[in-house]
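Quick caveat: nothing in here was measured; it's all calculated off a predicted structure. No hydrogens, no waters, no symmetry mates; every other heavy atom, side chains included, goes into these values.
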Amino acid sequence: MAEMPFVDTDIEDEFVMHATSEINIKKKRKRTTGREIEEGSERKKKKKKQYQPNYFVSLPITNPEITGNIQAVQDAVTQKDQRLSKAMVHAGSLHVTMLVMHLSNKEEISIAVGALSDSKDFVEDLLKGKTVDLSFQGIDHFKNEVGFVKLAENDHTAILTKIAETMKKIFQEKGILAGDERAFKPHLTFMKLSKSAQLRKQVKRIDSSLYEDFKSHYFGDEILHRLDLCSMLKKKQPNGYYYCESSIVFGKSHEADLVKEALRRETQALLSRLNQIKELLSSSDIRMKISRELFEDRHNSDSKRKSCIDSGSPNA
């Protein structure tokens, strides 16, 4: 598990991404005064802050079958441990991280947008018109702190790995500090303790027995059709997905992709409204009120009909 990318990281958390040259330099010990230690510590903090990734390339999860199955796992876990409700990833935020990076200003964001655009031709050359169908099956974890759904390893995930490597190279050639030295291992995070500082104090590890019934579960397939350059820090969209600077679409027109996304959002809104109605109907007071109103409507209707009959009205 140690070679997994971003094992100790969280898309919404701050973490340090060292430049390649810094990773390969061995630390040398030397005697120094207290003041030099303090100054060195201050420089180190500034360097860490400078390299904290704040953007990433996202492969969004849009298949309702996958999001529905993940919701089922989340519900099963929270029924056993209500505290973990704070650890759950919103359905609209579900994604696979392709690449992380640090963008310091608008100019670098613009360069990254250009790099993403340049990636499209290279990716389409890799695809050669083929569809990348990613199959999600089984659950695993990182240090019992992050729960994720695994991608079944096949030719399609191998292509996805090539895409990630190609994009990393393109971004780095444009001077964007992107990626790290570890091998790309795609995964779909659905819960993480780091979502809540308060939760971390209460729960040190996620018991894997909480999702035992889903460890080999098939969650569904996601067809690669879009990659987004997203911000970790900017306000999320109304549907829960990250703020998106730019996107590239594969295999179909951008207009068709927008239609699909709009339909997905409408479906989510309708499902949310339906759940609200179900919750209202679960209240005994609401059910009694509805029954009383139905009874009164029926009584009034019967009374009106009887009155019409008695008066010989043609409306009877």
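- Here the CG-CD1 distance, from Leu229 to Ile109, works out to 8.0 Å after rounding to the nearest 0.5 Å.
- Side-chain contact between Met191 and Val146: absent, with no pair of heavy atoms (C-beta onward) separated by less than 4.5 Å.
- Between the NE2 atom of His90 and the CG atom of Asn239 there is a distance of 8.0 Å, given to the nearest 0.5 Å.
- For Gln198, the side chain to side chain donor-acceptor pair (under 3.5 Å) partners two or more places apart in sequence, or in a different chain, are Lys86.
- Looking at residues two or more places apart in sequence or on another chain, you find no side chain to side chain donor-acceptor pair (under 3.5 Å) involving Glu65.
- With ring centers used as reference points, His95 lies under 6.0 Å from Tyr242.
- Taken from CG in Leu188 to CD in Glu222, the straight-line distance is 9.0 Å, to the nearest 0.5 Å.
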Report task. Begin from the C-alpha positions of Leu193 and Arg205 and carry the test side chain to side chain contact (heavy atoms under 4.5 Å, CB included) through to its verdict. Result -> CA-CA 8 Å; Leu193 294 180; Arg205 62 190 299 276; 5.5 Å; no

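- Around atom CD of Glu107, no more than 12 heavy atoms belonging to other residues, nucleotides or ligands sit under 6.0 Å away.
- Under the 4.5 Å side-chain heavy-atom criterion for ILVMFWY residues, a single connected hydrophobic cluster contains both Leu116 and Leu99.
- A salt bridge does not link Asp140 with Lys215: every distance from a Lys NZ or Arg NE/NH1/NH2 to an Asp or Glu carboxylate oxygen is 4.0 Å or more.
- Sparse packing is recorded around NZ of Lys289, with 12 or fewer heavy atoms of other residues, nucleotides or ligands lying under 6.0 Å away.
- Note that CG of Leu84 is 6.0 Å distant from CG of Leu199, once rounded to the nearest 0.5 Å.
- In this structure the side chain of Ser247 never reaches within 4.5 angstrom of the side chain of Leu227, judged on heavy atoms.
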Side-chain polar contacts of residues 122-139 - donor-acceptor pairs under 3.5 angstrom, sequence neighbours left out - could you list them?
from   : atom 1 : to     : atom 2 : distance (Å)
Lys128 : NZ     : Asp125 : O      : 3.2
Ser135 : OG     : Asp221 : OD1    : 3.2
Gln137 : NE2    : Ser216 : O      : 3.3

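- For an aromatic pair to be called close, the ring centres must be under 6.0 Å apart, and Phe148 with Phe142 satisfies this.
- Atom CG of Asn105 sits in a crowded spot, with more than 12 heavy atoms from other residues, nucleotides or ligands closer than 6.0 Å.
- Take Ser58 and apply the side chain to side chain donor-acceptor pair (under 3.5 Å) test, not counting sequence neighbours, and it matches Tyr241.
- Residues that satisfy the salt bridge (charged side-chain N to carboxylate O under 4.0 Å, His left out) test with Asp75, not counting sequence neighbours, are absent from this structure.
- In plain terms, the two heavy atoms of Phe184 and Leu160 that are nearest each other are CE2-O, 4.0 Å.
- Under a hydrophobic-cluster definition in which Ile, Leu, Val, Met, Phe, Trp and Tyr are linked whenever side-chain heavy atoms come within less than 4.5 Å, directly or via other members, Ile277 and Met288 are assigned to different clusters.
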Query raised in the report: Could you walk me through whether Arg200 and Glu145 pass the salt bridge (Lys or Arg N to Asp or Glu O under 4.0 Å) check?
Result: CA-CA 9 Å; Arg200 270 194 176 278; Glu145 296 178 0; 3.8 Å; yes

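- Hydrophobic clustering, with ILVMFWY side chains joined whenever heavy atoms are under 4.5 angstrom apart, keeps Tyr243 apart from Met232.
- Between Lys234 and Glu245, at least one side-chain N (NZ, or NE/NH1/NH2) sits under 4.0 Å from a carboxylate O, which counts as a salt bridge.
- For the pair Ile248 and Ser117, the tightest heavy-atom approach, listed with the atom from each and the gap, is CG2-CA, 4.1 Å.
- The shortest non-hydrogen separation linking Leu103 to Ala112 is CD1-CB, 3.7 Å.
- To the nearest 0.5 angstrom, Leu233 atom CG is 9.0 Å from Gln52 atom CD.
- Note on Val73: it does not cluster hydrophobically with Leu271, by side-chain heavy-atom contacts below 4.5 Å among ILVMFWY residues.
- Looking at residues two or more places apart in sequence or on another chain, you find no side chain to side chain donor-acceptor pair (under 3.5 Å) involving Asp213.
- Rounded to the nearest 0.5 angstrom, Glu108 CD and Asn54 CG are separated by 9.0 Å.
- A single hydrophobic cluster is not seen to contain both Tyr55 and Ile170; linkage of ILVMFWY side chains at heavy-atom distances under 4.5 Å, directly or through other members, places them apart.
- The two residues Phe171 and Ala178 make their nearest non-hydrogen contact at CB-CB, 4.0 Å.
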